[in-house]
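Numbers restart at 1 for each chain; the letters A, B, ... are given by sequence-line order, proteins then strands. Side chains included, hydrogens not; waters and symmetry mates left out as well; all remaining heavy atoms used.
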2 protein chains.
Amino acid sequence: MQAKTSDKLLDAAEFRMRRGGYNAVSFRDLASDINIKSSSVHYHFPTKEVLAVALVERYSERFFELLKSEADGAKTPEEVLKAYSATCEKALVVDKAVCLCIVLGAEMPGLPQLLQDSVRRFFDANIDWVERALPNTYPDALRNRKARAFVAAHQGAIVMAIGLGDLEIFRGISEDSLRGVLPSKPNIEAL
Amino acid sequence: MQAKTSDKLLDAAEFRMRRGGYNAVSFRDLASDINIKSSSVHYHFPTKEVLAVALVERYSERFFELLKSEADGAKTPEEVLKAYSATCEKALVVDKAVCLCIVLGAEMPGLPQLLQDSVRRFFDANIDWVERALPNTYPDALRNRKARAFVAAHQGAIVMAIGLGDLEIFRGISEDSLRGVLPSKPNIEAL
DNA sequence: GTCTATAATTTGATAGAC
DNA sequence: GTCTATCAAATTATAGAC
């Protein structure tokens, strides 16, 4: 059974957008990627903004599905947070590309409004997820702060890993940020 | 005394590129920003790639000058690293925009080669600078790893702060990442 | 659903006058 | 250094046939 045309279009759009940003994607390129004409793309997605919003929504759903399955069976905060790192790393290693939402996040002010909203929701959901995973001994304000730091460090790490062409860099950063967010275990390496 | 046309063009390009990425900048927009015609832009910068490379070089020079002056008089590793955070924060707060090189870094694979090289040099120089600031009690491999994590966390923090429209988020993350790279002081808040 | 055809705009870039 | 004029290509999008 074949993938639907709209899904093939989103696949092509995701590949291109994660490598060059919103403006690096054109309807003609997407059409030629899957051997149809650009006018046919408009049948599935009337405008580029609509296409991009649909793409972010699909990306977000898949990310959280993967996250859920990675975190399956995890008990301690440490295990749950490691599932978050593993989810990011998997997307990074498999696709050899940056997170869709960090590319779009970086060019945020230049994006159409509905797309900005979608990207923002993705990050809010990320922070929310991490926040719930943190030890409940933390006061609320600290939990939120730690969660933001954890997510930001991962997104930064992904960009650096791809930009410097060194996927190993990601692991080091995610380990460091895990230590940063958990109640102080001594930093053994640094002693 | 007036700014040179080429500088005004770079100012306009920096403003636009830090908000929308490489492809969000057009010669016509830049020209109209400073009230000349787009053909005149080509007199100063023959191609867009050349313009963007010049922009990254100028951005990098200014960043490291500011960094140098912020770090002036700093003695301990902690003080020097705080100067790095302060430099990033200043650019963030003053310009209300993301670091030029993180926008370009995110769309790296879609950029012309010379521009990719420039962006990469900026990040390498960042890591190098942070690496030198770290305590020399660290073994070399660890220093490099810590430096990468520190830079990545800051870049991620900048994108999140702008993307979520909350500049305060940056400070929390930079404090956390400072704690992460320095020899273990107990994480007081978390106890 | 996909096509042809086309419109309207924008883009990076060049030639040559002043 | 800046202009007018222009180009060739690319872009988002629409109308209407099949």
How would nucleotides 11-18 of chain C be written as a contact map, 5' to 3', with B for base contact, S for sugar-phosphate-only contact and - for no contact, using protein heavy atoms under 4.0 Å? BBBBB---
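- A side-chain donor-acceptor contact under 3.5 Å links A:S26 and A:D29.
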Check the pair A:F27 / A:F45 against ring pair (Phe, Tyr, Trp, His ring centres under 6.0 Å), numbers first and verdict last. CA-CA 10 Å; A:F27 275 46; A:F45 305 99; 8.2 Å; no
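- The side-chain hydrogen bond (donor to acceptor under 3.5 Å, both in side chains) analysis of residues 30-53 of chain A, with sequence neighbours excluded, yields the pairs A:R16-A:D33.
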Would B:Q116 and B:V119 count as a side-chain contact (heavy atoms from CB on, under 4.5 Å) here? Give the steps. CA-CA 5 Å; B:Q116 288 190 35; B:V119 172; 5.9 Å; no
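- Nucleotide D:dC3 holds its C1' atom 14 Å from the CD1 atom of B:I34, rounded to whole Å.
- For the pair A:R19 and A:F15, the cation-pi test (distance below 6.0 Å, angle within 45°) is passed.
- The CD1 atom of B:I36 sits 8 Å away from the C1' atom of D:dT2 (whole-angstrom rounding).
- The A:Y43 side chain lies nearest to C:dT2 when the options are C:dT2, D:dC3, D:dG1.
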